[in-house]
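Start at 1 and go down the list; that is how both ligands and their atoms are numbered.
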Amino acid sequence: MIIEKIDLLRKFLKEKRQSGLSIGLVPTMGYLHEGHLSLIRRAKKENGVVVVSVFVNPSQFAPNEDFDAYPRDIDRDYKLASEAGADIVFHPDTEEMYPPYSNTFVEVGGEMTKVLCGASRPTHFRGVTTVVNMLFNITNPDNAYFGQKDAQQAAIIEKMVRDLHLGIKITVCPIVREASGLAMSSRNKYLSEEEKTQALVLNRSLDMAKRAIVNGQRNSAEIVRMITDRINKESLASIDYVSVCSYPDLIAAEQIETRTLIALAVRFGKTRLIDNIIIE
Ligand code: PAF
């Protein structure tokens, strides 16, 4: 079933909760791929009712970004989500989520929203935490599911949940890759064949870094240099950042000692791709 209105969704979920079912939420911006479907399947295993939200959230896009061009296909999303185990697809329009004059934001403070993607997208995470908070308030889930591909987003949401005592269990699921190794993303649709081929360098350079660490390399700057050199060999790649930091607090360290995130964002033409690995 697709529900577009907040009060209808609340009414539906209230009845489910009263009959003792737990609620799992999978927030998405739609144009679902295997990465999203893996979250929905996991949610189905762990909850009585699964809600998948499909909402391209304007407040997480800057004016120069791809909000208008972002791929949308609710019929396809509904079919895929239902097959993967969703009971409800929540598909509100912008006015439903942001009524005229709504002007309240939820923002995680400190450095973690300013580094990595936050450096070039300064208002992005404020938009994410605001809409995720709205979705939490609307659905009141027991569990919510996010992908590790957006590792910084997941860490920020976990921090918001802790700071605001939301009492929701956050599960972060592994990155799902195409057979080629390219991390699945709704934005892969924008890539030309040549860009797609060159974008394989992202996963390959992360793998190379992992091997170097396994073989004893502990110097973060050296890891960043190796990845950067490898990516710069691709003619269409333009690096936004390559970063090595602790996870989940996202603090840069000279030496790799604790659980570490190696994350990168690279443009191929107009498409900005992100990828990462977490070294335990
Ligand atoms: O990861 C996404 O698709 C979005 O940032 C999210 C969490 C659905 C919020 O709009």
Side-chain angles (χ1 to χ4, degrees), residues 6 9 24-40 42-43 50-62 65-74 76-78 80-81 84 86 88-94 96-98 102 104-108 112-113 116-118 120-139 141 143-161 164 166 168-176 183-190 248 263 265 271-276:
I6 294 170
L9 180 61
L25 172 69
V26 182
T28 82
M29 296 207 299
Y31 213 71
L32 303 182
H33 52 67
E34 266 306 312
H36 299 114
L37 302 182
S38 72
L39 306 181
I40 300 172
R42 173 84 184 259
V50 175
V51 181
V52 175
S53 62
V54 173
F55 178 63
V56 185
N57 171 37
S59 72
Q60 67 190 76
F61 290 80
E65 293 181 350
D66 58 342
F67 174 71
D68 289 331
Y70 199 86
R72 293 161 168 89
D73 188 342
I74 188 62
R76 177 180 171 278
D77 286 343
Y78 176 65
L80 290 174
I88 295 293
V89 171
F90 177 49
H91 180 52
D93 65 18
T94 303
E96 183 73 4
M97 293 296 274
Y98 296 96
S102 81
T104 302
F105 293 89
V106 177
E107 187 164 15
V108 171
M112 69 187 306
T113 54
L116 310 180
C117 290
S120 61
R121 306 184 76 192
T123 56
H124 172 68
F125 289 113
R126 180 179 97 143
V128 170
T129 43
T130 298
V131 80
V132 169
N133 207 60
M134 286 180 190
L135 292 167
F136 285 171
N137 287 334
I138 293 165
T139 59
N143 297 294
Y145 298 82
F146 297 87
Q148 189 204 305
K149 188 167 84 63
D150 297 293
Q152 182 176 17
Q153 167 174 284
I156 290 168
I157 289 168
E158 284 181 320
K159 173 105 174 86
M160 173 180 82
V161 167
L164 299 181
L166 298 182
I168 298 165
K169 182 171 175 234
I170 303 296
T171 297
V172 181
C173 298
I175 298 179
V176 178
M184 296 226 177
S185 162
S186 305
R187 289 188 169 102
N188 290 350
K189 178 185 155 59
Y190 300 149
T271 311
R272 183 176 176 279
L273 299 179
I274 57 173
D275 201 347
N276 68 74

Could you tell me which non-hydrogen atom of [X] sits nearest to which non-hydrogen atom of [Y], and how far apart they are?
| X | Y | answer |
| --- | --- | --- |
| Ile175 | Asn276 | CD1-O, 3.4 Å |
| Pro141 | Ile168 | O-CG1, 3.5 Å |
| Pro92 | Met97 | CG-CG, 3.6 Å |

The option among Gln60, Lys149, His36, Met134 carrying the non-hydrogen atom nearest to atom 10 (O) of ligand 1 is Gln60
Going by the 4.0 angstrom heavy-atom rule, the piece of Ile157 near ligand 1 is neither
If the cut-off is 4.0 Å to any non-hydrogen atom of [X], which atoms of ligand 1 fall inside it?
| X | result |
| --- | --- |
| Thr28 | 8 (C) |
| Gln153 | 1 (O), 2 (C), 4 (C), 5 (O), 7 (C) |
| Val131 | 9 (C), 10 (O) |
| Pro27 | 8 (C) |

message: Do Arg72 and Phe67 form a cation-pi contact, if we require the NZ or CZ to be under 6.0 Å from the six-membered ring centre and within 45 degrees of the ring's axis?
response: yes
cation_pi(Arg42, Tyr145) dist<6.0 Å, angle<=45:
no
Is the shortest N/O to N/O distance between Asn57 and ligand 1 below 3.5 Å? no
In this structure, OG1 of Thr28 is separated from NE2 of His33 (nearest 0.5 Å) by 9.0 Å
